Amino acid sequence: MELAAALRAEARDCNERRVLALAGEPETTRDRAEDALAAADISPEFTTLVGPESFVNCERLDPVHASELLGQTRTAVVYDAHESLRPNVLGQIVGAVDGGGLFVLLAPPLSAWPARRDDFDETLAVPPFESGDVTGHFRARLVETLYAHRGVAVVDVENDTIESDGLTDPAPRLPIPDPTVPSRNDRVFPAEAYRACLTRDQAETLAELEALAEPGGTVVVEADRGRGKSSAAGLAAGCLAASGQDVLVTAPQYGRAGEVFARARELLDALEEPVEVDDETAPRRLATDEGRVRYALPTDAVELPDDPDAVVVDEAAALPVRLLEGFLDAPAVAFTTTIHGYEGAGRGFSVRFKDRLAESDRPVSEVRMDEPIRYAAGDPVEVWATRALLLDARPPVEPLVADAHPETVSYERLSSQRLRSDEHLLREVFGLLVLAHYRTEPDDLARLLDGPNVSVRALLSGGHVVSVALLAREGGLDADRRADMYEGGRIRGNMLPDVLTTQLRDEAAGVETGWRVMRIATHHAARERGLGSLLLERIEAEAAGESDQAGTERPSRYDYLGVGFGATPELVAFWADNGYRTVHVSTTRNDRSGEHSAIMLQALSDSGSALQDRHTSWFLGRVRGMLTDPLADLDPDVVRAVLSAVDGSARLDLSAWEWRLLAGSPHGAGLFDTAPDAFRTLALRALTDDDTPTLTDVDSPTAADDGPTLEPRSERLLVRKVLQTHGWDAVAEELDFVSRRECMRALGNATERLLEAYGTDETRAERERFR
Ligand SMILES: CC(=O)SCCNC(=O)CCNC(=O)[C@H](O)C(C)(C)COP(=O)(O)OP(=O)(O)OC[C@H]1O[C@@H](n2cnc3c(N)ncnc32)[C@H](O)[C@@H]1OP(=O)(O)O
Ligand SMILES: Nc1ncnc2c1ncn2[C@@H]1O[C@H](COP(=O)(O)OP(=O)(O)OP(=O)(O)O)[C@@H](O)[C@H]1O
């Protein structure tokens with residue numbers, strides 16, 4: 001394996017990495033990989049094999065645990081991709097290879113690879129589809145990149161041919177200057193912290209992070225992977241703790257914040273600060289005499305427990321904007337984020353969150369770290385992985401779509417063949433999805449290109465993508481599958497039938513075929529002009545079978561359209577405006593976004609309507625119980641929005657006595673406590689009634705046709721006090737009533753309005769007695 005030795009020598013000379021792709025039968029590639037590692041003089045101690053079985057005497061990780069390599073540094077990583085090539089795994093492990101090291105990929109013969117169906121393809125074969133329905137576009141693209149990229153060697157081990165030698169013959173590099181300690185007089189952090197920096201970028205970032213020492217300091221650090229941003233944040237946290245400050249660190253998973261704690265600990269040791277640690281191997285709490293560094297999950301951290309002096313939000317791009325906003329209440333805060341991470345975080349963070357930051361009155365300093373820590377800038381393996389996984393995909397630049405309007409755009413069905421053959425279009429589609437959603441990953445690229453249940457629809461303006469939707473076909477399941485699901489079995493890729501069947505106990509929910517809008521996004525430069533709604537309208541027409549050119553109606557292709565998403569008042573209103581109706585709200589919060597999911601349906605056929613109707617009536621029957629318990633803390637504006645988007649109203653089945661009680665209540669809201677159920681019935685009716693104000697605008701009431709018109713605050717009062725049963729004092733404070741008494745009076749007034757709208761003749765007569 002002279003080639004392996006030559007690749008390694010070149011990699012070491014220029015502190016870059018090289019890829020060695022060995023293609024052939026599994027056993028042959030495994031033997032050759034072992035030879036290659038030996039020839040390249042890489043010790044098993046510094047090698048990790050990611051694959052299903054051991055064949056070299058080194059650390060092995062099963063692909064499902066590949067994320068353990070994030071943040072680690074290895075001289076060689078071998079990915080045995082014979083059983084499965086998972087795009088996420090590829091993205092997670094390439095970054096762990098050190099400068100001077102090799103990434104070794106073991107694959108079937110490359111010409112046959114795209115047509116083979118592997119274990120990952122099985123996951124794309126969502127019932128009722130089978131693995132034969134999955135296509136191989138993602139891998140065909142990957143193979144092309146292997147041949148096309150510098151620094152990637154390809155060897156056909158069966159024929160012993162070097163198809164591409166991967167040598168780049170690089171020019172000698174200039175030495176990179178070492179980081180220095182700023183000589184400013186007003187330097188806040190100790191020199192030891194600067195001496196611990198590995199690059200100039202890191203030292204400059206640390207200097208910006210000094211802003212955290214003062215209340216109001218807000219710093220955003222953006223970097224590609226492996227630039228040492230978590231470490232910079234850790235050094236800053238250590239400095240702050242040493243000076244007696246309380247630093248709260250958060251990240252989507254603790255593992256991601258490990259480097260923050262490692263650097264903070266090392267620094268505190270270097271400063272000879274006595275440190276108490278809760279756990280030596282995975283510390284979540286470092287305490288100095290007066291300061292500390294502690295970890296909390298994002299949804300807990302956002303409550304700012306124990307009033308920290310400063311917060312570090314690591315991997316901020318992997319969190320939703322609504323959650324990030326909450327951290328702006330901290331005295332000082334740093335957000336660090338990966339630009340081209342394996343999670344495809346993309347530039348989404350900047351676009352979505354920086355606008356919000358700009359609106360806040362905090363002065364924000366932004367830093368960008370370019371210099372890689374582990375290898376030289378411009379490393380060809382990073383370039384290859386970025387391209388292969390489309391980590392740098394972005395939507396069209398603003399001027400290209402800024403003029404797009406519903407009248408000027410065209411609706412397009414973007415087949416996977418078309419996306420595969422038009423790289424520009426693929427980049428725009430994927431870039432827009434990544435930008436709009438904090439959880440789009442390389443696996444999604446494969447799903448979009450090869451999943452038989454997945455379709456892409458878009459609005460194009462001058463050939464550029466301005467609005468895009470990712471759709472999944474669901475349901476249409478046979479009786480066995482439905483029974484399996486009903487008994488608790490998981491059927492992949494059928495999210496709506498799954499929830500309706502397993503959680504809502506409807507064995508027939510998987511009979512109908514639905515089209516779920518998995519994702520929808522409009523370019524940020526063209527939002528709020530009706531494009532998203534137009535895209536949904538066209539999708540609906542297509543799903544409903546569209547009449548043909550002769551005007552003959554065709555039967556509906558789908559029984560319903562559906563969506564499940566993290567509910568915010570604005571998004572629920574968007575879906576409701578487009579004809580989708582609430583049938584469920586999840587009882588638990590998403591652990592990353594802190595949001596409850598709403599499930600909304602739009603029936604297209606008779607059987608789709610039957611499905612929607614029964615779930616609507618079950619929802620109306622059970623939502624009261626949910627609101628007093630699992631949904632008791634759901635944001636009242638979300639409650640208002642989801643209730644107003646139900647296709648029907650709660651029943652007003654009150655007894656004559658209950659009506660009398662309600663009729664007496666406006667003058668003594670204390671009566672509420674004697675028979676809360678009667679109030680609940682009335683409130684639920686008002687909030688679900690078609691005639692009550694539509695809640696598209698969450699802040700201003702809209703005139704109603706017949707029903708009562710309530711101020712948003714009165715509706716929030718009905719939600720918080722009556723439906724969610726919060727205490728009077730808490731409700732009065734939350735809704736800004738000057739006193740508990742005024743809050744009670746407001747409930748009395750609201751009840752009076754509802755009685756005027758819904759009361760019987762007797763109720764009105766009873767009311768008159770008090771006038
Ligand atoms: C399954 C899912 O994908 S759910 C997640 C939906 N996607 C996202 O959140 C990605 C980021 N957001 C977007 O890309 C867009 O805001 C979309 C797709 C939600 C809406 O696209 P647009 O082209 O702006 O839609 P359109 O102009 O037809 O309707 C906008 C309406 O949605 C509502 N709306 C939805 N989200 C918001 C929001 N975050 N802020 C304000 N209004 C919003 C408004 O009520 C607006 O109403 P208006 O027409 O009275 O102004
Ligand atoms: N100042 C430092 N001292 C010691 N090690 C460092 C330092 N800075 C970075 N490293 C090492 O370099 C690697 C990358 O650093 P870090 O995890 O901080 O970067 P990152 O930009 O957050 O990377 P990733 O996106 O991979 O998580 C880690 O293995 C870390 O241990």
Side-chain angles (χ1 to χ4, degrees), residues 67-74 96 98 179 181 187-199 201-213 217 219 221 223 225-298 300-301 305-306 308-316 330 332-338 369 373-374:
S67 63
E68 286 175 23
L69 271 182
L70 285 171
Q72 292 204 36
T73 308
R74 316 293 294 150
D98 203 5
V181 181
R187 178 165 53 74
V188 180
F189 290 163
E192 281 83 349
Y194 288 95
R195 281 192 212 110
C197 289
L198 295 184
T199 62
D201 267 359
Q202 201 172 42
E204 281 166 23
T205 302
L206 188 63
E208 292 293 334
L209 288 167
E210 290 194 350
L212 297 182
V219 185
V221 181
R225 269 190 67 194
R227 267 55 180 172
K229 64 182 164 21
S230 307
S231 294
L235 292 171
C239 295
L240 293 168
S243 68
Q245 301 216 33
D246 175 13
V247 186
L248 179 64
V249 176
T250 189
Q253 297 112 23
Y254 167 74
R256 307 288 290 273
E259 295 297 325
V260 178
F261 280 87
R263 289 302 89 68
R265 173 77 198 268
E266 287 158 17
L267 179 69
L268 288 168
D269 288 347
L271 292 171
E272 295 180 6
E273 284 278 334
V275 189
E276 267 180 47
V277 188
D278 64 338
D279 176 341
E280 284 293 341
T281 42
R284 283 161 196 257
R285 197 180 182 89
L286 305 175
T288 59
D289 273 350
E290 309 221 325
R292 58 181 174 169
V293 184
R294 58 197 166 106
Y295 174 81
L297 273 172
D300 297 330
D306 298 334
D309 299 308
V311 179
V312 170
V313 185
D314 201 22
E315 297 300 346
V333 56
F335 298 96
T336 77
T337 169
T338 310
M369 299 172 76
I373 298 269
R374 302 185 185 98

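In this text, all values refer to a predicted model and were calculated from it rather than measured experimentally. Heads up: numbering here begins at 1 and tracks the sequence.
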Qualifying side chain to side chain donor-acceptor pair (under 3.5 Å) pairs with a residue from residues 232-248, counting only residues at least two apart or across chains
Asp246-Arg292, Asp246-Arg294
Partner set under side-chain hydrogen bond (donor to acceptor under 3.5 Å, both in side chains) for Thr205, not counting sequence neighbours
none
To the closest 0.5 Å, what do you measure between CG (Asp278) and CZ (Phe261)?
8.0 Å
CG of Leu235 to CD of Gln202: how many Å apart, nearest 0.5 Å?
6.0 Å
Gln72 side chain to Glu68 main-chain N or O, any donor-acceptor pair under 3.5 Å?
yes
Do Leu240 and Leu212 make a side-chain contact, defined as non-hydrogen atoms from C-beta onward lying under 4.5 Å apart?
yes
State, yes or no, whether a side-chain contact exists between Val277 and Arg265 at a heavy-atom distance under 4.5 Å.
yes
Looking at Ala296 and Leu248, what are the two nearest heavy atoms and their distance?
CB-CD1, 3.9 Å
Sequence-distant partners of Tyr295, ring-ring contact (aromatic ring centres under 6.0 Å, His included), two or more places apart
Tyr254
Using the side chain to side chain contact (heavy atoms under 4.5 Å, CB included) rule, take Val311 and Val247 through it: C-alpha gap first, then chi angles, then the decisive distance, then the call.
CA-CA 6 Å; Val311 179; Val247 186; over 6 Å; no
Atom CZ in Arg263, atom CG in Leu206: separation rounded to 0.5 Å?
12.5 Å
Spacing of Glu204 atom CD and Tyr194 atom OH [to the nearest 0.5 Å]:
10.0 Å
Looking only at non-hydrogen atoms, find the nearest pair between Glu273 and Ala242 and report the distance.
OE2-O, 3.8 Å
Donor-acceptor pair between Glu315 and Thr338 side chains, under 3.5 angstrom:
yes
Is there side-chain contact between Val313 and Thr336, with at least one heavy-atom pair below 4.5 Å?
no
Verdict with reasoning, Arg74 to Leu69, per side chain to side chain contact (heavy atoms under 4.5 Å, CB included):
CA-CA 9 Å; Arg74 316 293 294 150; Leu69 271 182; 3.9 Å; yes
Check: Pro305 and Asp300 side chains under 4.5 Å, non-hydrogen atoms:
no
So does Val188 get a backbone contact from the side chain of Glu210, meaning a donor-acceptor N/O pair under 3.5 Å?
yes
Do Asp98 and Thr73 have side-chain atoms, one donor and one acceptor, less than 3.5 Å apart?
no
Okay, side chain of Glu276, backbone of Leu286: is any donor-acceptor separation there less than 3.5 Å?
no
Which heavy atom in Ser230 sits nearest to a heavy atom in Asp314, and how many Å separate them?
OG-OD2, 3.0 Å
Audit row: Val249, Val293, side chain to side chain contact (heavy atoms under 4.5 Å, CB included) steps and yes/no
CA-CA 7 Å; Val249 176; Val293 184; 3.7 Å; yes
Can you tell me how far SG of Cys197 sits from CD of Glu192, rounded to the nearest 0.5 angstrom?
12.0 Å
Flag the pair Glu208 / Val221 as yes when at least one side-chain heavy-atom distance between them is below 4.5 Å, and no otherwise.
no
Gap between atom OG1 of Thr199 and atom CZ of Arg227 - 0.5 Å precision
10.0 Å
